[in-house]
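Just below is one structure, and these are the notes that go with it.
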Amino acid sequence: MNNDKQIAVLGVGMHPWGKWGRSFVEYGIEAARAALRDAGLSWDDIQYVAGADTIRNGYPGFIAGATFSQALGWKGNRVASCYAACASGAQALNIARAQILAGLCDVALVVGADTTPKGFFTPVGGDRPDDPDWLRFRLLGATNPTYFALYARRRMELYGATGEDFALVKVKNAKHGLANPNARYRKAVSIEDVMASPTVADPLRLLDICATSDGGAALVLSSMEYARKRDAKPVRIAAISTVTPTYPQTIIEMPNFSTDSAAVVAPPERAFRDAIGFAAYEEAGIGPDDIDLAEVYDLSTALELDWYENLGLCKEGEAERLIRDGDTAVGGRVPVNPSGGLASFGEAIPAQAIAQVCELTWQLRGQADGRQVDGATAGITVNQGLFGHGSSVIVSR
Amino acid sequence: MPAKTRVPAVEGWFTTEGDEPALLGTRCRSCGTYAFPRESYFCKNPACDGREFDDVALSRRGRVWSFTNNCYQPPPPFVPTSDPFEPFAIAAVELADEQLVVLGQMVPGTSVDDLKAGMDVELVVDTLFEDDEHEYLVWKWRLVETGAPA
């Protein structure tokens, strides 16, 4: 790693994912306390709190940093709250990193948690004809799975992907999730199970699409100097990418009605999803060949295959071969989603990017019982938040 | 009973008069880039500081980039038109001149089994939903008959 702008992960913690029906604050605080215990620190040691916001919990959700601080006991610590949809957790992590690298604090806590409704995610209520996220439901009936399905079908049309290829992703992730105590679904799934589940948005079936879940995740972070007094070889955050797309964005993205036009400005060298991981690799000074494992945002099974290519784990059009050959299973060349991924967790939006970092930390410490990637020293996460928020984190040891 | 008034489900996104309806986008007066839906504040081209835009009718024909359907009824503000819900197809369509991809429902009767990437489609205006007094209109894509003149 050439990057000298690194921070340490002292502790990680999660509240198990599920449909618990309790307040998001409870999940966040359970996760924060678990991360503090893991770090061997107390709440008194935390100087800064960055909260990833949830928009479905009203006022306390929109100001998550203060809400989590109050629940842990107000003590006048500095605080930040941020929202970037699915990328919120990476943004909160990035805010805490900046504080630490600037020397403004030594130890920070990052927390994200969510309580989700049943069924499809829906836009914020009321009549809002100026909001594309409202209009896409009104004018097209375009749900989130609609967009996932457009990408899945594109893989079938371009590369000959099949429903069985997509099902293999679910089978792999379900197997990984069996051993994860924080996973919501801990049940083996067969190709037949996936193919027998009802179609939601052709070609994607119910078991191809991730659920929405309650959950919470937290990280205790510090400067390298602070960490080395406690641990000679701490897990490090080597890079955080939070890039936007470059104009023109020529792949249709949720919740938009259209892409940008490439009539005047040629498409960029790297499309958005390629650029997200590239920026992280560049910042860390490493490349795809240096990566031992990845946690990617498998909103759908087919989307996981897209990420293999976006992260440079294989060339375009080769992802189906990777999943068929078992390259991305634990024990394979470059395991993807050893945690079980969204397939085993369901999505708890502001917690999810933080949970990805929790898993990489356990993996790099050799603590991922039952799903351990042997000898892992570097891992990457990738994810994407609505309206153009890239998110990728490289963790190393 | 008087006929229902036909009104667009969204104002200013497409034409409703005549036999050849079209999506209404904009073209930047400074750099010439296209946008849909219409641009009114700033040009998205980072090299352009244009603030003025001409309304343009976009190409009525395009090619299917990808497609899917909805097998479950979407949540509000989607307005269901049948009970029980009937699946409908959605296509992402590439417009060659404007070099952009636009989403739209396929007209009723076209399913995913009828579609392949690269097929030619054209734009029509069709009913999205109705209430007691109004028929709300939206743009949809329709497969171009094989052999029809381009």
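The sequence lines fix the lettering, A, B, ..., with proteins before strands; numbering per chain opens at 1. Note: hydrogens, waters and symmetry copies are ignored here, and every other heavy atom, side chains too, is used.
For B/Lys116, the parts lying near chain A are the backbone and the side chain together; criterion is any non-hydrogen pair under 4.5 Å. Neither the backbone nor the side chain of B/Pro87 comes within less than 4.5 Å of any heavy atom in chain A. For B/Val102, the parts sitting under 4.5 Å from any heavy atom of chain A are the backbone and the side chain alike. Using a 4.5 Å cut-off between heavy atoms, A/Pro123 contacts chain B through its side chain alone, with no backbone atom that close. Looking at B/Glu94, neither its backbone nor its side chain comes within 4.5 Å of chain A, counting heavy atoms on both sides. Neither the backbone nor the side chain of B/Ala35 comes within contact range of chain A; no heavy atoms are under 4.5 Å apart. For a residue to count as touching a neighbouring chain, one of its non-hydrogen atoms must lie under 4.5 Å from one of that chain's; by this rule B/Phe129 touches chain A with the side chain only. Residue contact with chain B, scored on non-hydrogen atoms closer than 4.5 Å, involves the side chain of A/Val265 exclusively. For chain B, the nearby part of A/Leu135 is the side chain; its heavy atoms alone come within less than 4.5 Å. Neither the backbone nor the side chain of A/Phe148 comes within contact range of chain B, judged by heavy atoms closer than 4.5 Å.
If you run salt bridge (charged side-chain N to carboxylate O under 4.0 Å, His left out) between A/Glu309 and each of A/Arg155, A/Arg321, A/Arg273, A/Lys315, only A/Arg155 comes through.
Your options are B/Tyr72, B/Trp65, B/Phe36, and the one with the most heavy-atom pairs under 4.5 Å with chain A is B/Trp65. When each of A/Gly141, A/Ala149, A/Pro267 is checked for heavy-atom pairs under 4.5 Å with chain B, A/Gly141 comes out on top. Between chain B and the options A/Trp134, A/Tyr151, A/Tyr247, A/Phe137, the largest number of non-hydrogen pairs under 4.5 Å is found for A/Tyr247. The most heavy-atom pairs under 4.5 Å with chain A, out of B/Val138, B/Leu95, B/Ile90, come from B/Ile90. Ranking A/Pro132, A/Ala201, A/Ser258, A/Ser261 against chain B, the residue ahead of the rest is A/Ser261, based on heavy-atom pairs under 4.5 Å. Between chain A and the residues B/Gly25, B/Cys31, B/Cys28, B/Pro80, the largest count of heavy-atom pairs under 4.5 Å involves B/Cys31. Ranking A/Asn256, A/Thr199, A/Leu150 against chain B, the residue ahead of the rest is A/Leu150, based on heavy-atom pairs under 4.5 Å.
In this model, no donor atom of one side chain and acceptor atom of the other lie less than 3.5 Å apart for B/Glu39 and B/Thr26. Judged by distance alone, the side chains of B/Asn70 and A/Thr146 do bring a donor and an acceptor atom under 3.5 Å apart.
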Before you tell me yes or no, could you show the steps for A/Gln352 and A/Asp114 under side chain to side chain contact (heavy atoms under 4.5 Å, CB included), namely the whole-Å CA-CA distance, both residues' side-chain angles and the distance that decides it to 0.1 Å? CA-CA 9 Å; A/Gln352 213 69 47; A/Asp114 206 358; over 6 Å; no
Would you please test A/Phe257 and B/Phe14 for ring pair (Phe, Tyr, Trp, His ring centres under 6.0 Å) and show each step? CA-CA 13 Å; A/Phe257 284 85; B/Phe14 54 93; over 10 Å; no
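The shortest heavy-atom contact between A/Pro203 and A/Asp208 is O-OD2, 4.1 Å. The two residues A/Glu320 and A/Asp165 make their nearest non-hydrogen contact at CG-OD2, 3.4 Å. Of all non-hydrogen atoms in B/Phe53 and B/Ser40, the two that sit nearest each other are CE1-C, 4.0 Å.
Taking the six-membered ring where tryptophan is involved, the planes of B/Phe78 and B/Phe85 are perpendicular, since the angle between them exceeds 60° and thus also 30°.
Within the model, atoms CG of A/Leu140 and CH2 of B/Trp139 stand 5.5 Å from one another, a figure rounded to the nearest 0.5 Å.
A salt bridge does not link B/Glu135 with B/Lys4: none of the charged nitrogens is closer than 4.0 Å to a carboxylate oxygen.
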